[in-house]
Amino acid sequence: MSDQNNTYSLVTGASNGIGRALAENCAARGHNVILVALPESKLDDVTEALKLQYPNQSFDALGTNMMDRDSPQSIYDWCQAKGYSINILVNNAGLGNSGAFLSRDDNFYFGQMQLNMVALVMLTHLFLPDIKTHAKGYILNVGSMASFFDIPYKGIYAATKRFVYSFSRSLRKELEDSTIGVTILCPAAVLTNPDVIQRDKEMGKASHASQQSPEEVARYGLDHMFKGKPVAIPGFMPKAYWILGKILPYPMKMRMLANAFIKQSR
Ligand SMILES: NC(=O)c1ccc[n+]([C@@H]2O[C@H](COP(=O)([O-])OP(=O)(O)OC[C@H]3O[C@@H](n4cnc5c(N)ncnc54)[C@H](OP(=O)(O)O)[C@@H]3O)[C@@H](O)[C@H]2O)c1
């Protein structure tokens with residue numbers, strides 16, 4: 001059993017957007033937090049702000065490019081060397097885009113798949129034995145509304161998020177007799193970075209209607225994780241889209257999605 005002082009939540013992509021809000025919300029709930037993001041990012045500023053706000057808790061930051069094959073192992077080794085034990089793993093770091101399939105080169109898709117899927121699986125595989133040593137452990141994987149749809153002009157991103165959904169649900173079943181909960185958080189539009197803001201503008205009403213702040217999404221996701229829920233879909237409109245996705249005939253759904261997402265690729 002690990003002692004509370006060296007027990008941490010680990011949040012990837014914690015320097016901005018939803019990940020930053022997830023790290024801040026974990027801190028507000030009294031947890032020690034390890035924040036991971038790209039080197040040279042706002043990571044240190046975010047971490048220092050948390051240290052000032054919660055002086056009785058511990059925070060540490062690691063900059064690493066999670067598109068690199070060895071990055072998950074280096075995150076794990078760094079935690080081991082520092083004596084940190086993880087009871088909550090939040091796999092949030094991810095890269096979105098939209099545009100016709102050939103509008104990006106193969107390096108872009110390779111990196112996107114590496115970050116959104118490979119790093120997430122590797123981190124989970126590395127940290128699960130450690131999480132199991134705690135009386136209660138949690139894994140929160142950040143998927144997307146895109147986890148539920150085949151999306152023309154956003155096909156690779158949607159496929160990576162479907163992968164995250166499928167992996168999360170199956171791992172949850174495998175762990176159902178353990179003390180570890182697995183939850184997938186599936187937000188719709190969250191205005192987090194200039195690229196997302198631009199894409200949201202191009203999408204128009206359908207995207208505006210489902211907008212939520214990173215803080216709302218993070219609170220909702222962590223509440224659901226601690227309640228042991230399998231899936232967290234934050235907000236009324238995202239839930240409505242999810243239901244529509246279940247009832248609309250497939251060809252109609254694909255027409256609507258293609259029309260909506262082609263706007264982002266012009
Ligand atoms: N925003 C949305 O509308 C939305 C909707 C549904 C799902 N999501 C999902 O939510 C998650 C977070 O999205 P977001 O919009 O909050 O993203 P964001 O604001 O762009 O922040 C991404 C975070 O991930 C880090 N990151 C990016 N590439 C990385 C890499 N190669 N290695 C390590 N860290 C990396 C970034 O670090 P730097 O600051 O150093 O770049 C940043 O901390 C993603 O999985 C995304 O797919 C987002």
Side-chain angles (χ1 to χ4, degrees), residues 10-25 33-47 61-72 74-75 78 90-98 107-108 110-120 122-123 140-149 151 154 156-165 167-168 184-203 206-218 220-221 231-235 237-238 241-242 261 264:
L10 188 152
V11 182
T12 65
S15 63
N16 196 60
I18 299 169
R20 175 180 180 163
L22 284 162
E24 290 170 345
N25 197 297
V33 185
I34 293 164
L35 299 94
V36 178
L38 283 169
E40 314 293 329
S41 66
K42 294 178 288 183
L43 193 55
D44 290 339
D45 294 345
V46 176
T47 310
L62 176 65
T64 173
N65 186 347
M66 292 173 58
M67 287 183 187
D68 293 343
R69 174 69 181 85
D70 298 335
S71 173
S74 71
I75 297 171
W78 179 85
V90 180
N91 284 309
N92 162 79
L95 176 65
N97 77 297
S98 51
N107 278 327
F108 177 85
F110 188 85
Q112 185 177 50
M113 293 189 285
Q114 192 80 19
L115 179 64
N116 294 11
M117 300 187 292
V118 179
L120 180 146
M122 294 303 130
L123 278 182
L140 180 67
N141 290 333
V142 179
S144 166
M145 195 39 43
S147 297
F148 304 118
F149 298 95
I151 307 184
K154 210 178 177 68
I156 307 304
Y157 176 74
T160 66
K161 291 300 182 180
R162 175 80 61 87
F163 174 96
V164 174
Y165 181 84
F167 169 60
S168 306
I184 177 162
L185 171 60
C186 297
V190 191
L191 301 189
T192 52
N193 63 53
D195 194 38
V196 174
I197 293 167
Q198 181 58 30
R199 280 188 263 136
D200 177 76
K201 269 195 201 138
E202 285 151 5
M203 281 274 290
S207 181
H208 303 334
S210 65
Q211 259 172 39
Q212 288 193 296
S213 71
E215 291 75 22
E216 285 174 305
V217 168
Y220 189 91
V231 184
I233 302 176
M237 284 310 291
Y241 292 149
W242 179 75
F261 283 93
Q264 291 188 348

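All values below come from the heavy atoms of this structure, side chains included, with hydrogens, waters and symmetry mates left out. Ligands are counted one by one from 1 in listed order, and the atoms in each one are counted from 1 as well.
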Novice: For D68, give me all partners under salt bridge (Lys or Arg N to Asp or Glu O under 4.0 Å), at least two apart in sequence or on another chain.
Specialist: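 Listed in chain order: nothing, the list is empty.
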Novice: On a heavy-atom basis, which atom in P214 and which in A21 lie closest, and how many Å separate them?
Specialist: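 Closest pair (atom of P214, atom of A21, distance): O-CB, 3.4 Å.
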Novice: Answer whether the closest heavy-atom distance between the side chains of L22 and L140 falls below 4.5 Å.
Specialist: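 L22 vs L140: side chains touch.
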Novice: Does some side-chain heavy atom of S71 sit less than 4.5 Å from a side-chain heavy atom of N65?
Specialist: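 Not touching, per the 4.5 Å side-chain cut-off.
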Novice: Which parts of the protein, at residue level, reach under 4.0 Å of ligand 1 through a heavy atom?
Specialist: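 The 4.0 Å shell around ligand 1 contains G13, A14, S15, N16, G17, I18, A37, L38, S41, T64, N65, M66, M67, N92, A93, G94, L115, V142, G143, S144, Y157, K161, P187, A188, A189, V190, T192, N193, V196.
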Novice: Would you say the ring centroid of F148 lies under 6.0 angstrom from that of Y165?
Specialist: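 Yes, the ring centres sit under 6.0 Å apart.
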Novice: If we ignore hydrogens and angles and just use 3.5 Å, is the side chain of N92 paired with the main-chain N or O of T12 as donor and acceptor?
Specialist: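 Yes, N92 side chain to T12 backbone: donor-acceptor pair under 3.5 Å.
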